[in-house]
There are 2 protein chains.
Amino acid sequence: MPETHTSAAEKILAVLDALAASAHAEPAGLTVAELGRAIEREKSVVSRQLKPLVELGLVERDPAGRHRLGWRLFSVAAQAGDQRLLMLAPPVMRKLARGLDERVHLSVRRDSSVLTVLTEGSGHAVQTVNWVGRLSPISCTSSGRALLFDHRAEELEGMFAAGVEPGAGPQAPATAAELIERVAAARERGYAIAVDEFEDGLAGVGAPVRDANGRIIAAINVSGPRYRLHDRLEDAGRHVSQATAYLSRAFAAPPPASASTDRIPVIPPPLQPGSHQQGHQPGAPQPAPSV
Amino acid sequence: MPETHTSAAEKILAVLDALAASAHAEPAGLTVAELGRAIEREKSVVSRQLKPLVELGLVERDPAGRHRLGWRLFSVAAQAGDQRLLMLAPPVMRKLARGLDERVHLSVRRDSSVLTVLTEGSGHAVQTVNWVGRLSPISCTSSGRALLFDHRAEELEGMFAAGVEPGAGPQAPATAAELIERVAAARERGYAIAVDEFEDGLAGVGAPVRDANGRIIAAINVSGPRYRLHDRLEDAGRHVSQATAYLSRAFAAPPPASASTDRIPVIPPPLQPGSHQQGHQPGAPQPAPSV
DNA sequence: GACTGACGTTGCAAAAATCGCAACGTCGAA
DNA sequence: TTCGACGTTGCGATTTTTGCAACGTCAGTC
């Protein structure tokens, strides 16, 4: 029997997620009733659930009765390591999603899969689903191949031999040679393209985000139905590359700050093409970024 | 009877807080047993509590069994408004706290009080307590007066008349005139000093952080026992001012990013003394930052 | 001005999740 | 091998959360 364990954490996260989603809406924030509809719970439940959250500062309620994420959430998040990328990415992704009007995802590598971490949707009725928190195969997605940019042929071969998850689309790479070739083409081009690979009819374009050392730490991709994207893959690729280049610079920029010097930190100039592998062993085993 | 309602949110936040605190420890992260000791719960409870948190991605567990804050927390936090300051501040505060070896707090205004949002402690056995999440009076603390830098005399007078919370120390301002004078002195000096105001024996030095428009959005202060600080108030003030000046620049810097231009955003040069009020009405009612 | 509908909150008994304790298997150090 | 600490799991007892219903409030409408 399906023991539907519903943990408290899950309930709370549902609330926080709904509030996060409402942060850019108009008007920002949710009332008790709205929140109840959003997470499909009784308003009485929401009302009671909100009380401790507000007391703890995880949620803020304005005089008009609208609820937003509270300062306490950030005071927790801020203490943790290098999560700057996740803070910098949303506005860039938003701009990209609006510009191309297709869903944008930010993903990181997780072992031999791709974990989607942030998203921004489009206005279409038909669009890629929100993939946040889910894993995708690394060999047949644009994000995946963007994350594989720096991998040598032998590594890709080994990975393929170890059995990466295959795609369900007709164009998914069937052999290690195909994967190697497509990764090489993507690196050459500056962005990865995957059409009818993960799923028939789905098209995507992705590019990698690099840290100050040139290591790939994440990928951003745009995806949507093939019939809308296939005529503008190049255009989308250019935009995605610009976005990731911007993020790579911005992420590398703020040195943890020496408060006592007057040096003004500056976001460094764009990486030279081909120069990003300096001081970086593409073959070195890359621990999955914990981001 | 004291109905000790212990909400799920509270339990979860305790876990996340402990993990946040461990983020900069050596080694980073906590095992189940360590976490149990930190939050004073049975390890069996912790073990079970952790399971859904890990599944949801709020917590990550590395192969060695150490737990850290997970990507999901940031993917929620990142969606919300302008929280960049809270992400930028911790390293600066850490540096400040280490350098002066006294506790550092970052606070924002909350109506007629000061809400402390982040902190970084010192190595001393005797030090200011961690004040995060608590309110302090605005008229008799260094953070409070830093937040009042831009207020005109009439406003301060009105505020005083409306009855701001008084300090418990012998030197707390007893009249509106005293408050006005001390705020003016602080603005002149560049940082606020409060000794024996909030509490007898407690000394603090604070300065304001400004956004791109010069509006005060937060304050950073250093505080500790008077006997350790009274000989170096000036030095501490200089350090705090430098830190807030840096943060003001850094906070103003990253324009939400136009991904499609090649303009490289640069952190702007330091504000000219006295120039920060351009285009800013000091008298305009300032909504409490929701940060 | 009464009426209507939506909002947010609260009592209450039922349902569900968590807790503390004890026990188990595992691992590394002595 | 023994020992201690770790992380996990079963179990009944305890605590918390849930759904429903009712209440007071408020704004807009007739």
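Note on naming: letters A, B, ... go to the chains in the order of the sequence lines (proteins, then strands), and numbering restarts at 1 for each one.
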| request: Respond yes when some side-chain nitrogen or oxygen of Thr6(B) is under 4.0 Å from OP1 or OP2 of dT16(D), and no when none is. | output: yes
| Rounded distance in Å - CG (Leu30(B)) to C1' (dC6(D)) | 15 Å
| message | Salt bridge or not between Arg66(A) and Glu60(A)? Use side-chain N to carboxylate O under 4.0 Å. | response | no
| query | Over how many whole Å does the gap from Arg66(B) atom CZ to dC6(D) atom P extend? | reply | 11 Å
| task | Name the nucleic acid region contacted by Arg37(A), choosing base, sugar-phosphate or nothing; use a 4.0 angstrom heavy-atom cut-off, strictly under. | result | sugar-phosphate
| Glu34(B) has an atom CD; how far is it from atom C1' of dG7(D), in whole Å? | 13 Å
| Rounded to whole angstroms, how far apart are CD on Glu40(B) and C1' on dC19(C)? | 16 Å
| message | Can you measure Glu42(A) atom CD to dA14(C) atom P for me and round it to whole angstrom units? | response | 17 Å
| task | Assess the side chains of Ser122(A) and Glu102(A): does a donor N or O sit below 3.5 Å from an acceptor N or O? | result | no
| query | Taking atom C1' of dT10(C) as reference, at what distance in whole Å does atom CG of Leu50(A) sit? | reply | 16 Å
| said: Please report the distance, rounded to the nearest Å, between CD in Gln49(B) and P in dT8(D). | reply: 13 Å
| message | Is there a side-chain hydrogen bond (donor to acceptor under 3.5 Å, both in side chains) between Thr119(B) and Arg103(B)? Walk through the geometry before answering. | response | CA-CA 7 Å; Thr119(B) 195; Arg103(B) 184 176 291 278; 3.1 Å; yes
| task | Would you kindly compare Lys11(A) and Arg61(A) by the position of their nearest DNA chain C nucleotide and give the one closer to the 5′ end? | result | Arg61(A)
| task | For Ser136(A) and Thr141(A), test the side chains for any donor-to-acceptor distance below 3.5 angstrom and give the result as yes or no. | result | no
| said: For the residue pair His105(B) / Thr116(B), report whether a side-chain donor-acceptor contact shorter than 3.5 Å exists. | reply: no
| message | So, OP1 or OP2 of dG7(D): does either fall under 4.0 Å of a side-chain N or O from Ser47(B)? | response | no
| remark: Of Lys51(B) and Val45(A), the one whose closest nucleotide on DNA chain D sits nearer the 5' end is Lys51(B)
| message | Go nucleotide by nucleotide along DNA chain C from the 5' end; which of Gly65(A) and Arg48(B) gets its closest nucleotide reached first? | response | Gly65(A)
| Is a donor-acceptor contact shorter than 3.5 angstrom present between the side chain of Thr31(A) and the base of dC7(C)? | no
| Atom-to-atom span, NZ of Lys43(B) to P of dA22(C) - whole angstrom | 13 Å
| message | Looking at the base of dG19(D), is there any donor atom on it, or on the side chain of Arg41(A), that sits under 3.5 Å from an acceptor on the other one? | response | no
